Amino acid sequence: MSESAPTPGNATPEPTDFIRDLVSADLAAGRVTQIHTRFPPEPNGYLHIGHAKSICLNFGIARQFDGICNLRMDDTNPAKEDVEYVDSIIADIRWLIDGWADHCLGLGPRDAGSPEPGSLRSAVVGRTPGPDAGPFHASNYFEDLHAFAVRLIEKGKAYVCDLTPEETDAYRGAPDRPGRNSPYRDRSVAENLDLFRRMRAGEFPDGARTLRAKIDMASPNVWLRDPLIYRIRHTAHHHTGDAWCIYPLYDFAHCLSDYLEGITHSICTLEFEVHRPLYDWILTQLELPRPLPHQFEFARLNLSYTVMSKRKLLALVNENRVTGWDDPRMPTVSGLRRRGVPARAVRTFAQRIGVTKYNGLTDVAVLEHAIREDLNAIALRRLAVLRPIRLVLTNLAPDEVHSFEAINNPEDPASGTRTVRLTREVYIEEDDFMETPPPKYFRLRPGGEVRLKYACIIRCDEVVKDAAGRILELRCTADLDTRTGGPNAAKKVKGTLHWVSAPDSVGVEVRLLDRLFTEELPEAEGRDFRSCLNPKSLEVLTARVEPALANPEPGSRFQFERLGYFWPDPVDSRPGHPVYVRTTGLKDTWAKAAAK
RNA sequence: UGCCCGAUGGUGUAACGGUAGCACAGCAGACUCUGGAUCUGUUUGUCAUGGUUCAAAUCCAUGUCGGGCAGCCA
């Protein structure tokens, strides 16, 4: 029996929610002995942060209760699906669960073989499953599913229907109005069997006939009004090729795929709640020998300033409003990854937002906070100037150099120190100087003093401008007595600025990202989500950075001091020519105050 | 005039008949060679009305509001 209570002394207690409570209760009551969940994406798009919530839930439960979570492609609609998506989904999940729940990942044999119809498809589990293991596919069960459909026909619980799509709609009625029986509802078992055989044999064109469950056309639940379970589609399938021209629908395929894999808890989102009676009906009618899976529903994630529907994300990609599914501004898992968001931060986020049946709107600030919290602990501090202005220390000789020790990460002493060099000419940030500053501006002003981080205090003596009044350079005096360890080291000034040595620094491309939408609810009624795209969601500039940033290890995490967290873009960076992406900014109290 | 589900501060969540707590956001302060981090304090909440009970966010009834359901999508 699994341990359901949090381990005493465990630093991060396991989360609790109503689904985990139900799982615990099932275990405690002996209704199940091993927890088996599944994550069943349809390979018709890339995974996004909403899927990440579901992945963290399903794998988190498997992890917490010593169970297994199968990865299954829910691929029953050949018209919409593609292997490109299969591959991206696998990569995204591996990234998200790596080192956390990868030991719970259940995979199937890559060669599905031809097992006995209805037999259990056991999972291969382990951190190194080997090349023979791959995701499960609902399409690997087409033969089983077909056999189950035949059995349903034999039991008089399914029939072949010749109604056109339009007629089918009309006969279904409406939520507040019962439907009518199909004229084909009472065909004999023999005739149904023959017709279904001929459907499979390809004798009829697309849409000519369907196989329907025979339930109740007057049910107040529309999904019980003789739902379609097979349709004719003369379309090649990305995984089964042209082996089939009839394909099962979701409601029929999903519950039985769960059954075939021995799933105990089939967790899905709220919109499937009304499908649950159908899920249970199909499994019950078939009188199956093994324990049945059960469906549980939770609210999908809605995030402010974000769109989450696959259709809209696909539109952003197709209309070239972003550079691709993995554009770092996208809420896709691949976008988050390319943006430099650590997988652990995504998991922390998923845990903090909880799991309920309430359909709310989560503030994207919760995600941003989880990212900062994670990066603050691990990112190496560096000096970089995004929008440089030249600053001349007039009391230093042109070849004079002072070396200072800079701390790599104050949160992690083990990360050590490095040397930065102060020269006569340096760059500081444009924002860090104002000729006529507002109240409470702590940065540099004419006649004012600030500290150059890790170096010394300077005083601004003169502002040099061109004919147009643009600032050319600032002429300042360095007080070397205030350097670290110097006689006046303890002298206090209000502001400390980041800076780089002009001759030492190198220019690199930096990409500043902002939220993709300007409105909290881009999908609000009565507006096109495109109308609130943020025109400033991407800003590209050439920054001056300290030499230590010129050739980063791929995957390095940095904090550019006072600017935010950056990392080298894994796609566009080249050796010696990094492209830095800003994962997220620092909390900026001054910007907030200045905006008022 | 159908069926299903939901409702706790600004937001997301906890409390499983017995002190309304946590996180984010906000505000104020301390500290700081990052206006970061950290620390402290703090504003704001049980949808409404009845009922059961010594005691209700929790149980019951009614109402209000919100979401979902009528693809040969998942």
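Throughout, a chain's letter reflects where its sequence line sits, starting with A, and its residues are numbered from 1. Every value quoted in this text rests on a predicted model; they were computed, and no experiment measured them.
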Euclidean distance, atom CD1 of residue A/I378 to atom P of B/A37 [Å, nearest integer]: 16 Å
Which nucleotide in B/G12, B/U34, B/C33 has an atom nearest any side-chain atom of A/I353: B/G12
Touch class at under 4.0 angstrom, heavy-atom based, for A/R443 against every strand present: base
Whole-Å C1' distance, B/U8 and B/A15: 10 Å
Salt bridge A/D431-A/R562, side-chain N to carboxylate O under 4.0 Å: no
Student check: side-chain heavy atoms of A/V364 and A/R515 closer than 4.5 Å: yes
Pair of N/O donor and acceptor under 3.5 Å linking B/G36 base with A/R372 side chain: no
Inter-nucleotide C1' distance (B/C72, B/U11), Å rounded: 41 Å
Spacing of the C1' atoms in B/U19 and B/G36 (rounded, Å): 37 Å
Touch class at under 4.0 angstrom, heavy-atom based, for A/L211 against every strand present: nothing
Sugar-phosphate, base or nothing in reach of A/R233, heavy atoms under 4.0 Å: base
A/R209 vs A/L163 side-chain heavy atoms within contact, under 4.5 Å: no
Shortest side-chain distance from A/T362, nucleotide among B/G12, B/C72, B/A74: B/G12
Same-atom distance (P) from B/G51 to B/A56, integer angstrom: 12 Å
Heavy-atom check, side chain of A/R72 versus side chain of A/H254, under 4.5 Å: yes
Base of B/A74 and ring of A/Y250 stacked, centres under 5.5 Å, planes under 30°: no
Pairwise P distance, B/U49 and B/C65 [rounded to whole Å]: 16 Å
Whole-Å distance separating the CZ atom of A/R225 from the C1' atom of B/G2: 8 Å
Sidechain-backbone polar pair: A/E546 side chain, A/L383 backbone, donor-acceptor under 3.5 Å: yes
Base B/U13 paired with A/R352 side chain (donor-acceptor, <3.5 Å): no
Sugar-phosphate only, base, or nothing, as touched by A/E297 at under 4.0 Å among non-hydrogen atoms: nothing
Closest nucleotide among B/U13, B/A74, B/C33 to the A/Y358 side chain: B/U13
Gap between atoms CG and P, on A/D251 and B/C72 respectively (whole Å): 10 Å
Test: A/E429 and A/R443 ion pair at under 4.0 Å: no
Separation of the C1' atoms in B/U58 and B/G21, to the nearest angstrom: 15 Å
Anti/syn call for B/G71, syn if |chi| within 90°: syn
Plane angle bin for A/F558 and A/Y580 - parallel if under 30°, tilted between 30 and 60°, otherwise perpendicular: perpendicular
Matching residue for A/Y159 among A/D226, A/N192, A/T210 - test: side-chain hydrogen bond (donor to acceptor under 3.5 Å, both in side chains): A/D226
Touch class at under 4.0 angstrom, heavy-atom based, for A/K453 against every strand present: base
Touch class at under 4.0 angstrom, heavy-atom based, for A/E42 against every strand present: sugar-phosphate
Short side-chain N/O contact to B/C73 OP1/OP2 from A/R231, under 4.0 Å: yes
Rounded distance in Å between the P positions of B/U46 and B/A7: 15 Å
Rounded distance (Å) that lies between atom P of B/C31 and atom NZ of A/K494: 10 Å
Under-4.0 Å side-chain N/O to phosphate OP1/OP2 contact, A/H498 with B/U34: no
Sugar-phosphate only, base, or nothing, as touched by A/G360 at under 4.0 Å among non-hydrogen atoms: sugar-phosphate
Heavy-atom side-chain proximity of A/V366 to A/F349 below 4.5 angstrom: yes
Touch class at under 4.0 angstrom, heavy-atom based, for A/T164 against every strand present: base
Phosphate OP1/OP2 of B/C72 contacted by A/R172 side-chain N/O (<4.0 Å): yes
Sugar-phosphate only, base, or nothing, as touched by A/Y441 at under 4.0 Å among non-hydrogen atoms: base
Sugar-phosphate only, base, or nothing, as touched by A/P40 at under 4.0 Å among non-hydrogen atoms: nothing
Distance, rounded to the nearest Å, where A/Y305 contributes OH and B/A25 contributes P: 14 Å
Proximity to the side chain of A/E411 - top-ranked nucleotide from B/C33, B/G36, B/G6: B/G36
Side chain of A/T76 (C-beta onward), nearest among B/C72, B/A74, B/A14: B/A74
Shortest side-chain distance from A/H275, nucleotide among B/A74, B/C5, B/G35: B/A74
Phosphate OP1/OP2 of B/C33: any A/R562 side-chain N/O under 4.0 Å: no
Touch class at under 4.0 angstrom, heavy-atom based, for A/S219 against every strand present: nothing
Length of the line joining A/R382:CZ and B/G36:P, which is rounded to integer Å: 22 Å
From B/C24, B/C33, B/G68, nucleotide with atom closest to A/R451 side chain: B/C33
Under 3.5 Å donor-acceptor pair, A/N221 side-chain atoms to B/C69 base atoms: no
Any side-chain heavy-atom pair of A/H239 and A/V83 under 4.5 Å: no
Atom-pair distance (NE2 on A/H237; P on B/A74), nearest Å: 10 Å
Sugar-phosphate, base or nothing in reach of A/A455, heavy atoms under 4.0 Å: base
Sugar-phosphate only, base, or nothing, as touched by A/F272 at under 4.0 Å among non-hydrogen atoms: base
Beyond-backbone contact of A/F566 with A/T583, side-chain heavy atoms, under 4.5 angstrom: no
Residue A/L249, side-chain atoms from C-beta onward, closest of B/C73, B/C33, B/A70: B/C73
Bracket notation of RNA chain B in which parentheses pair within the strand, [ ] cross earlier pairs, and | pairs with another strand (Watson-Crick or G-U, under 3.5 Å): .((((((..((((....[..)))).(((((.......)))))....(((((..]....))))))))))).....
Distance test, side-chain N/O of A/K592 to OP1/OP2 of B/G26, below 4.0 Å: yes
Per A/D21 side chain, nearest of listed nucleotides B/C16, B/U34, B/C69: B/C16
Between CD on residue A/E261 and OG on residue A/S266, distance to nearest 0.5 Å: 10.0 Å
Integer angstrom distance from the P of B/C27 to that of B/G66: 31 Å
A/K492 side-chain N/O to B/C33 phosphate OP1/OP2 under 4.0 Å: yes
Touch class at under 4.0 angstrom, heavy-atom based, for A/L497 against every strand present: nothing
A/V366 side-chain proximity, nearest of B/C4, B/C24, B/C72: B/C24
